[in-house]
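These notes concern the structure reproduced below.
Just so you know, residue 1 is the first one in the sequence shown, and it goes up from there.
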Amino acid sequence: MDNYLRDSVSYTKDVEGLSHLYRSHLYRNQRTLDDSTTKRCLLPCTPLAVVKLLEACPNVYDKTKAVGTQLSGKTVTVINRSEIVGRPLAAMLANDGANVYSVDVSTCYLFPAGGGRWTRQDVGVQQCIKSSSVVITGVPTKDYRLDSSCVQPNTVVINVASFKNVDEEALLKIPGVLYVPMVGKVTVAMLERNLMRLFDNFHHPQNKEDNRNSQPWYQSPFFSLYTAVAVTILLGMQIMKTQ
């Protein structure tokens, strides 16, 4: 249902960058919408905010390298695999050249550098954290705390969750640790950035005529009607089961 609602938003107005078109491009490591590379893809706001913060941190992104390799040699752990934060963030960092451990409640997956197929790993979160120079927490509960004893010196730790996932006092005792406690204000800035990119891509007076005929197949009236009927039938069957 969440994907259905996200995909109901036209990609020309999807300021969050979470519709099917942008998700599919992200997971295929495709950075532009057209062959001429004049229209750049939108990226989800919160993951993009984390990337921008990491770009501003010393010794994380190597700007002397080509795009797609600026995190090469880095290992990152993302403790969250939601469809709006953790999973797209892991893909974005892997697309930039890092090996990314994506951890949730019961599983760990490795997103390999370069954006290849992600695979399940038989390792614990502690081992992932110990091997990482960047750790990102996004656990939406006040009960979770990052195990500070696993964090290595000079690690960058970013707390994405609305709850504090770390023991700040213990974390800051580790030599060289750089801790970012929240990303909300940068997320708002990325929302505004996406808004301007949508305008440039689709709503600028020079581009409007070209974009009128660029609607993808999954936003055709027939497909929308088919999806609405299918969802209605499924909901009806579920209601009948509960009665």
| field | salt bridge (Lys or Arg N to Asp or Glu O under 4.0 Å) partner of D96, the single match among K52, K63, R31 | value | R31
| Would V100 and L71 show up in the same hydrophobic cluster when neighbours are defined by side-chain heavy atoms closer than 4.5 Å? | yes
| request: Mind telling me whether F111 and W118 have parallel, tilted or perpendicular rings, with 30° and 60° as the class edges? | output: parallel
| field | Atom pair CG/OG1 of L93 and T75 - distance to nearest 0.5 Å | value | 11.5 Å
| task | Verify the distance criterion only: is there a donor paired with an acceptor across the side chains of T119 and Q121 at less than 3.5 Å? | result | yes
| message | More than 12 heavy atoms of other residues, nucleotides or ligands under 6.0 Å from NZ of K65: yes or no? | response | yes
| query | For the atom pair OH (Y22) and SG (C41), what is the distance rounded to the nearest 0.5 Å? | reply | 7.0 Å
| field | Stacked cation flag R87 on Y27, 6.0 angstrom / 45 deg | value | yes
| query | Salt bridge or not for R23 and E83, using N-O below 4.0 Å? | reply | no
| request: Treat each ILVMFWY residue as a node, draw an edge where side-chain heavy atoms are under 4.5 Å apart, and state whether L26 and L33 are in one component. | output: no
| request: Any chance you could lay out the side chain to side chain contact (heavy atoms under 4.5 Å, CB included) test for V166 and V157, step after step, and finish with the verdict? | output: CA-CA 9 Å; V166 304; V157 179; 4.2 Å; yes
| query | Do you reckon L54 sits in the same ILVMFWY cluster as V85, going by side-chain contacts under 4.5 Å, direct or chained? | reply | yes
| Should we say atom CG of N59 is surrounded by more than 12 heavy atoms from elsewhere, each under 6.0 Å from it? | no
| task | May I ask you to check whether D14 and S10 show a side-chain donor-acceptor distance below 3.5 Å? | result | no
| said: Does I129 form a side chain to side chain contact (heavy atoms under 4.5 Å, CB included) with V151? I'd like the steps, not just the answer. | reply: CA-CA 6 Å; I129 295 170; V151 178; 4.0 Å; yes
| field | Heavy atoms of other groups near K185 NZ, more than 12 under 6.0 Å | value | no
| field | L43-L198 co-clustered via ILVMFWY side chain contacts under 4.5 Å | value | no
| Salt-bridge contact R193-D200 (side-chain N to carboxylate O under 4.0 Å) | no
| message | Set out, in order, the CA-CA distance, both residues' side-chain angles and the distance that settles side chain to side chain contact (heavy atoms under 4.5 Å, CB included) for V180 and N159, then state yes or no. | response | CA-CA 6 Å; V180 181; N159 182 76; over 6 Å; no
| request: Establish whether I84 and V15 are linked, either directly or via other cluster members, by ILVMFWY side-chain heavy-atom contacts under 4.5 Å. | output: no
| Evaluation steps, salt bridge (Lys or Arg N to Asp or Glu O under 4.0 Å), between R6 and E16 | CA-CA 9 Å; R6 285 193 287 267; E16 283 279 5; over 6 Å; no
| field | Pairs touching residues 39-94 that satisfy ring-ring contact (aromatic ring centres under 6.0 Å, His included), sequence neighbours left out | value | none
| said: Apply side chain to side chain contact (heavy atoms under 4.5 Å, CB included) to residues C128 and V123 and explain how you reach the verdict. | reply: CA-CA 7 Å; C128 296; V123 294; 3.6 Å; yes
